[in-house]
2 protein chains.
Amino acid sequence: MTDVARLAGVSHQTVSRVLNNHPSVRPDTRERVLRAVTELSYRPNAMARGLASRRSRVLGVVSFDTILYGPASTLLGIERAARRAGYGVSIVALERVDRAGVLSAVDGLAAQGVDGVIIIAPQMAAAAALHSLPRGMPAVAVETGPEGVLPAVSVDQAAGATLAVRHLLELGHTTVWHVAGPGDWLEARDRVHGWRAALEEAGAPVPPVISGDWGARSGFTAGAALAGRREVTAVFTANDQMALGLLRALHERGVRVPDDISVVGFDDIPESEFMLPPLTTVRQDFDEVGRRSMAALLRLINSARRGGGPNGGGSHGGPDSRGPQVGESSEDGGEADEEVGASVVPPTLVVRRSTAPPRA
Amino acid sequence: MTDVARLAGVSHQTVSRVLNNHPSVRPDTRERVLRAVTELSYRPNAMARGLASRRSRVLGVVSFDTILYGPASTLLGIERAARRAGYGVSIVALERVDRAGVLSAVDGLAAQGVDGVIIIAPQMAAAAALHSLPRGMPAVAVETGPEGVLPAVSVDQAAGATLAVRHLLELGHTTVWHVAGPGDWLEARDRVHGWRAALEEAGAPVPPVISGDWGARSGFTAGAALAGRREVTAVFTANDQMALGLLRALHERGVRVPDDISVVGFDDIPESEFMLPPLTTVRQDFDEVGRRSMAALLRLINSARRGGGPNGGGSHGGPDSRGPQVGESSEDGGEADEEVGASVVPPTLVVRRSTAPPRA
DNA sequence: TCATCGATTGTTAGCGCTAACACTACTGCG
DNA sequence: CGCAGTAGTGTTAGCGCTAACAATCGATGA
């Protein structure tokens, strides 16, 4: 930096000012400095910057060690939003998702000097860790239900399930069966809740829940069980993979979809559009989740730095500081917003060809 | 740190020594310092550390913005290996994979202060960027073929394809058709090469390549085209997703697998085991890829620091400094090792139920 | 005309840590 | 008995940057 300063004929501090686009630098000075920067192909040292300014412009994401569509997409959504805001993203993929795992991951990230963390914690065990995070570390939870300790962003799972069920009921089905995800996943629970609520609201009978594990195999098993029962005309599976397995099982047994049984999935994975028949499913907007969690985290970081101010002016990196973005979904989620703030992204129903009215 | 030093009754330097487990500290002193650290729940400041020592203990991974099984698994493998070695992982997911994209990603990572980067660049366009990386940044390429400019780690795609083809030929098929991946992917090309080579080696006729795009739909299309031809008895698809589509198309048209046509995929995604019928496929060991690329990168980082020394003693972070781990695969890859070093991980064939001898 | 003010720039201190060297015991040896 | 050698520890300088304050300049208004 000293070299740049010398070449531009200014002090190193002026160089620093230009780099952080501080307002009061004369345009021609700025010009000169920038030219010197280019000429020397100078790159500021992130460590020194971080040390002096106490911010690293890197945030941490705690995810887990799997290639499930939801978590992976969420991670990508966050990365995209972070990059746009001028932040780097450091990840930790948990091997075991439990309290200790989450805690040590956050610790590791803290030791790495991240400005804040976003925790993708869709399982109960992980959510439990949220209570005992290190003080002073800005943190946002994603897909973790209303834990209340942290600002949380999630897709409204219950609403998605309701969407699916209503769609089927409106087609004329008397009830809808449900193949659920693993019981320790919050998303699985919420989908069950939404399903049950929609059924009850419509006065429809509530069949027993069939439990699965997100894998295609468990959908297959469920399908095998359901194929024989003539009273089953509509099934809502908690994700698309299980729907895939279910479709297979039905097909194998000569049960036609949607003629004999209608099927709705959840996630809208790339394959869904292409299943046989193309799957009606519930789409989650992971990009929006990424954007909102990023916005919430930035708010937290800034208020932590300014001792409580609401939203600091962004400096250097991000052209993208869309202010009112979180908390705008005022209509939905009946739960009283925790004071820490929760943001719920509405899912949408993608109607394809796996759903139809029941046989007359 | 000063506080810790005071509490332990030593100098701050001694505290530093303990933290970096420097050898010459008396056990009881170390003990005392550690106690003080715990009591004050002191956490070293990564920035300051990095600034003073010129290493961040974070490495960057350039990947791209998709949830394809291969790249995602590789990322996880790298993350796991890095964590084990005491390194953090910062990621950039490219939206467009081209020279400029890769370069700017590496730049961003460099600005973040990573000690080195691992580039997952399975496309030609990305591989092209490898030539113009910033000097002085230790870098390793993954799944990028023998570019020669960087140490590279990859699964031996051609060998995998050969495995698949030989398996089918040994079952008695006279030839094997191939549904390839997109032409700008190195892996797709290598699989084509391996397929063709194995066929030629056996003196079998080489049918025209059917091209796909990794997606299930293109496999379906290919399957639809192939289903009608009685001379087709064996198909090797360049990934499992396409195999899935292919199986569907065949099934829909009443072609039985494996009775009428045998199918082999590539990747061994979780669903493969469960397809109808369970898919014979080629498995890639992404964990091994992660370990090797990590080891190669560490070697590079250390030699850059010591001006050529082979392998420096690990400090603080990793209890796990498995020295001789890479380069041990002396038997495989016939290609002359580029002087920068290339490491090839052998794939394995997983035989399931989608392959059988042809109809007599 | 002179004090005042704001815009622009420079100067001075660290940020919290590690590296390099200096220093103090000891130990072993001739 | 004295010297080198070797733990173990302390002292001193920065690492490259930003924050806070000081200084300069021209323009403004009384």
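The basis for the numbers below is simple: all heavy atoms, side chains too, and nothing from hydrogens, waters or symmetry mates. Note that this is a predicted model, so its numbers are computed, not measured. By convention in this document, chain letters (A, B, ...) are assigned in the order of the sequence lines, proteins followed by strands, and residues within each chain are numbered from 1.
- A distance-only check finds a donor-acceptor pair linking the side chain of A:Asp115 to the backbone of A:Ser56 [under 3.5 Å].
- We find that CD of A:Glu31 is positioned 13 Å from P of C:dT9, with the value rounded to whole Å.
- Rounded to a whole Å, the CE atom of B:Met47 is 14 Å from the P atom of D:dC17.
- When rounded to the nearest whole Å, the span between CG of A:Leu40 and C1' of D:dG16 equals 15 Å.
- Using a distance-only test at 3.5 Å, with no hydrogens or angles considered, a donor-acceptor pair links the side chain of A:Thr38 to the main chain of A:Leu34.
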Could you pull out the protein-nucleic contacts involving nucleotides 6-9 of chain D (nitrogen or oxygen on both sides, under 3.5 Å)?
unit_1: D:dT9; atom_1: OP1; unit_2: B:Arg26; atom_2: NH2; d: 3.2
unit_1: D:dT9; atom_1: OP1; unit_2: B:Thr29; atom_2: OG1; d: 2.5
unit_1: D:dT9; atom_1: OP2; unit_2: B:Arg26; atom_2: N; d: 2.9
unit_1: D:dT9; atom_1: OP2; unit_2: B:Thr29; atom_2: OG1; d: 3.3

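- A distance-only check finds no donor-acceptor pair linking the side chain of B:Thr144 to the backbone of B:Ala141 [under 3.5 Å].
- With salt bridges taken as basic N to acidic carboxylate O contacts below 4.0 Å, one links A:Glu288 and A:Arg292.
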All N/O contacts under 3.5 Å from nucleotides 12-14 of chain D to the protein, with atom names and distances to one decimal?
none

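- In terms of modelled atom types and a separation under 3.5 Å, the side chain of A:Ser53 and the main chain of A:Arg49 share a donor-acceptor contact.
- To the nearest angstrom, C1' of D:dT18 lies 14 Å from CG of A:Asn21.
- Phosphate contact (OP1/OP2 of D:dC15, side-chain N/O of B:Arg54, threshold under 4.0 Å): absent.
- Taking only side-chain nitrogens and oxygens, B:Ser16 never comes nearer than 4.0 Å to OP1 or OP2 of C:dC17.
- For B:Asn20 and C:dT18, the shortest distance from a side-chain N or O to OP1 or OP2 is below 4.0 Å.
- Side-chain contact, B:Glu143 with B:Ser154: no donor N or O sits under 3.5 Å from an acceptor N or O.
- Salt-bridge annotation for B:Glu95 and A:Arg83: present, with a side-chain N of the basic residue lying under 4.0 Å from a carboxylate O of the acidic one.
- Per the geometry, CG belonging to A:Leu51 stands 12 Å off P belonging to C:dT18, to the nearest Å.
- Judged purely by distance below 3.5 Å, without hydrogens or angles, the side chains of A:Arg54 and B:Asn45 never pair a donor atom with an acceptor atom.
- Judged purely by distance below 3.5 Å, without hydrogens or angles, the side chains of A:Arg30 and A:Thr14 never pair a donor atom with an acceptor atom.
- When the C1' atom of C:dC15 is taken as reference, atom CZ of B:Arg49 falls 16 Å away, rounded to whole Å.
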